[in-house]
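Notes to accompany the following structure.
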Amino acid sequence: MIVFLFRGARFFGFLTVLLGFACCSSLQATIRYEVSLAHPEQHLFHVTMTIPNVSDQVTVQIPAWNALYQIRDFSFHIQQVEVRRSAMQPGDTAISPDAAPPSIEKIDKQTWRITGNGTVIVRYATYWDEPGPFATQLNREHAFINPAMILMYVPERRLEQVKLVLGDIPETWQGAGPGIQASESMSIARAFSSEFQDYDALADAPIEAGKSEEFQLPGLSPEVWVVIHGDNYKKKQIETELKRICEYEIKLMGKAPYSRYTFIVHTGKGAGGAGGGMEHADSTAIFVQSADSLPGVAAHEFFHLWNVKRIRPASLYPVDYSKEQYTRALWFAEGVTSTYGSYALERSGLWSKQQLYHDLGEQITELEARSANRWQSAEQSSLDAWLEKYPLYENPEYSVSYYTKGQILGVLLDILIRDRTDNEKSLDDVLREMNNDFAVTGKPYRDSLDVQLTAEKVAGGSFEDFFKHYVAGAKPLPYQAIFVLAGLELRQTTRQRAALGFAAEGAPKGPLVVRSVAANSAAAEAGLQSGDLILKWNGGEPPRRVADWLRQHKVGELLHLVIRRQDAELKIDFCLGEITETFYDLAEDARAGDKARHIREGLLHGTTDAATIHAAN
């Protein structure tokens with residue numbers, strides 16, 4: 001979600017209680033989708049949805065969110081919705097020739113009510129040309145589809161089988177995605193198709209169609225495939241790196257939970273300027289500008305196979321596509337997944353231990369630089385994920401990242417477990433235990449509570465204070481007290497740099513907009529206000545990368561702005577201020593005792609004494 005990688009929403013799983021009242025005849029039905037890619041340069045998906053066994057009325061909806069924790073209202077992409085009756089299908093009740101044709105009425109921004117009987121067909125077009133793993137795109141080069149963004153569903157019939165036929169595909173394109181195979185459709189030209197047990201499984205199966213390279217990672221069973229759209233990559237490098245990541249994480253968790261897995265990768269020009277990764281039950285979609293960035297994203301997304309896709313927080317399942325779903329567990333679902341992303345890179349040999357230390361130091365630097373860390377807990381950051389679409393919320397005084405804080409908490413908890421058990425147990429055991437207790441049984445866990453209880457079960461003692469103060473609360477994290485237990489020390493350095501005294505953002509071709517102004521700053525004293533449009537910056541166009549501009553200028557330099565406020569243009573001049581930055585880095589403590597050094601080695605290699613004893617026996 002990775003930062004977006006956002007970051008992100010993301011979940012489709014088992015429905016165990018929802019819609020249990022569906023009638024037997026409906027449960028045997030198959031809702032069919034045909035999606036035409038004709039004229040991809042128009043960016044329009046033409047969708048035909050066939051709904052059998054309609055009795056009087058049926059409601060259809062388009063999700064309001066998917067992939068990101070943001071209400072994005074996919075309905076505004078939709079146009080030309082119409083309905084008609086199909087020819088008689090098996091299971092349909094005979095309909096009088098004089099019966100009125102079906103009709104459709106829009107109820108709200110995402111819901112339509114259809115009146116009719118038998119098998120009805122809904123047709124519409126939906127416009128998408130947005131790159132990225134959290135979006136959908138159709139253009140001359142390819143189609144990338146997150147199905148929930150283009151396909152309506154029947155709310156009370158989500159458990160029914162569904163079939164997707166993707167057709168009118170250009171001759172030079174290939175199709176890739178979970179279950180995708182060639183289709184002989186009677187109503188649509190050159191098609192691929194796939195069948196799913198229900199709408200949620202379909203929604204969790206992204207599709208790539210276009211000019212791409214496809215290959216299997218050698219020596220892995222079950223099969224792992226890579227589909228690459230774009231350039232700026234070396235196949236052999238990707239093979240080596242992804243294989244190491246998969247091998248390590250599968251060994252860590254004991255078993256691969258899929259029958260076939262697919263990395264859908266967009267790189268270089270194929271990424272379209274987007275970045276990030278999005279996990280799915282049997283695949284991941286990753287967008288990177290260079291393949292050099294792929295391992296970091298892939299290690300995170302592949303571990304989501306267990307943590308999120310199968311070890312699932314109860315607050316996020318079943319999925320409700322119509323509104324926000326709040327959870328306190330993203331610090332664990334995303335943050336601890338980042339812990340294991342970095343562990344996988346180091347333990348598989350793709351990183352050195354110094355890179356692992358440096359990465360953790362960067363996370364601590366990022367967290368401690370945000371003043372919101374003094375009051376926003378890891379759980380509250382998780383709850384507030386739905387605010388991430390607002391630029392103001394991203395400012396340091398308003399929020400911390402559950403990715404960042406969760407990754408650090410994962411490492412601290414790992415060290416504490418190893419210390420309490422003399423390195424016989426670790427956070428690895430917590431993940432494996434949760435996999436057995438929740439993923440294997442299909443039962444979701446109770447957010448932070450079951451994480452705490454599992455950690456206590458593994459370590460044989462209470463973690464009540466840790467979860468109370470550092471997960472649910474916002475007490476300063478006890479870095480030094482815990483790192484010393486693993487023979488590590490946290491070092492810090494400071495430096496001064498120029499500061500604007502305000503935050504601004506802008507569209508690619510639009511003016512910069514002032515989003516906030518720091519109190520008591522020179523910018524505030526000069527009269528700059530939130531909402532001002534910056535038209536001129538030192539006599540020229542405002543810089544597109546303000547942070548880069550700032551690095552090239554010094555404290556005390558004069559900044560000349562021309563701004564627009566309401567209908568007036570104003571000149572505002574002030575001197576750049578000063579800010580002190582603190583940087584953290586992790587290093588090995590030469591004074592560490594035997595136990596601490598032993599724990600450090602266990603942390604680096606993913607080993608415990610219990611595992612060693614078991615292997616020896």
Side-chain angles (χ1 to χ4, degrees), residues 13-14 16 249-255 257 303-317 327-340 343-344 347 377-379 382 402 405-473 477-478 481-482 485-486 595 598-599 602-603 605-615 617:
F14 303 95
T16 57
E249 294 187 4
I250 292 170
K251 180 180 179 181
L252 171 71
M253 297 305 292
K255 182 180 179 181
F303 195 73
H304 271 316
L305 274 169
W306 296 274
N307 194 21
V308 164
K309 301 313 300 181
R310 290 163 177 86
I311 304 173
R312 301 169 292 124
S315 49
L316 290 171
Y317 293 90
T327 178
R328 299 178 186 274
L330 295 184
W331 71 271
F332 182 77
E334 293 292 351
V336 172
T337 295
S338 292
T339 303
Y340 277 90
Y343 279 178
R347 293 172 182 177
S377 69
E379 286 192 341
S382 301
Y402 47 81
K405 199 161 191 174
Q407 179 177 345
I408 298 166
L409 285 169
V411 176
L412 297 180
L413 184 59
D414 193 2
I415 294 172
L416 286 176
I417 294 171
R418 289 175 182 274
D419 178 70
R420 291 188 186 184
T421 63
D422 291 327
N423 204 49
E424 289 194 2
K425 297 290 182 179
S426 71
L427 189 63
D428 300 356
D429 295 290
V430 174
L431 269 297
R432 288 191 286 259
E433 193 79 21
M434 293 188 71
N435 192 56
N436 291 332
D437 290 348
F438 301 104
V440 174
T441 63
K443 182 178 71 172
Y445 67 90
R446 297 168 293 177
D447 288 14
S448 298
L449 175 60
D450 279 324
V451 181
Q452 177 185 335
L453 294 177
T454 306
E456 291 175 344
K457 177 182 176 182
V458 166
S462 174
F463 277 106
E464 182 178 355
D465 286 347
F466 182 89
F467 278 78
K468 177 182 177 181
H469 296 318
Y470 310 123
V471 176
L477 297 182
I482 295 179
L485 302 176
K595 179 180 177 180
H598 190 53
I599 289 173
L603 190 78
H605 296 100
T607 57
T608 60
D609 291 350
T612 303
I613 294 170
H614 178 74
N617 293 334

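Counting begins at 1 with the first residue of the sequence. Hydrogens, waters and symmetry mates are skipped; everything else that's a heavy atom, side chains included, is used.
More than 12 heavy atoms of other residues, nucleotides or ligands sit less than 6.0 Å from atom NZ of K595.
Under 3.5 Å, the side chains of D414 and Y343 contain a donor-acceptor pair of N or O atoms. Looking at Y340 and D428, their side chains do bring a donor and an acceptor atom within 3.5 Å of each other. Side chain to side chain, S448 and W331 meet the donor-acceptor criterion of an N or O pair below 3.5 Å.
Each of V411, L416, L477 was checked for a side chain to side chain contact (heavy atoms under 4.5 Å, CB included) with I482, and the lone residue meeting it is L416.
Shortest non-hydrogen contact noted between R432 and L252 is NH1-O, 2.9 Å. Between A333 and N307 the shortest heavy-atom distance is O-ND2, 3.6 Å. Here the closest heavy-atom approach between residue V336 and residue G410 is recorded as CG2-CA, 4.1 Å.
Ring orientation note: the planes of W306 and F303 are tilted relative to one another, at an angle of 30° to 60°.
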**OP:** Dump the intermediate steps for side chain to side chain donor-acceptor pair (under 3.5 Å) on H598 and D422, then the final yes or no.
**Re:** CA-CA 9 Å; H598 190 53; D422 291 327; over 6 Å; no
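In this structure, the separation between OG1 on T454 and CE on M434 is 5.0 Å, given to the nearest 0.5 Å.
Between D450 and D447 the shortest side-chain heavy-atom distance does not fall below 4.5 Å.
Annotation: cation-pi pair R328/Y402 absent, no NZ/CZ under 6.0 Å from the ring centroid and within 45° of its normal.
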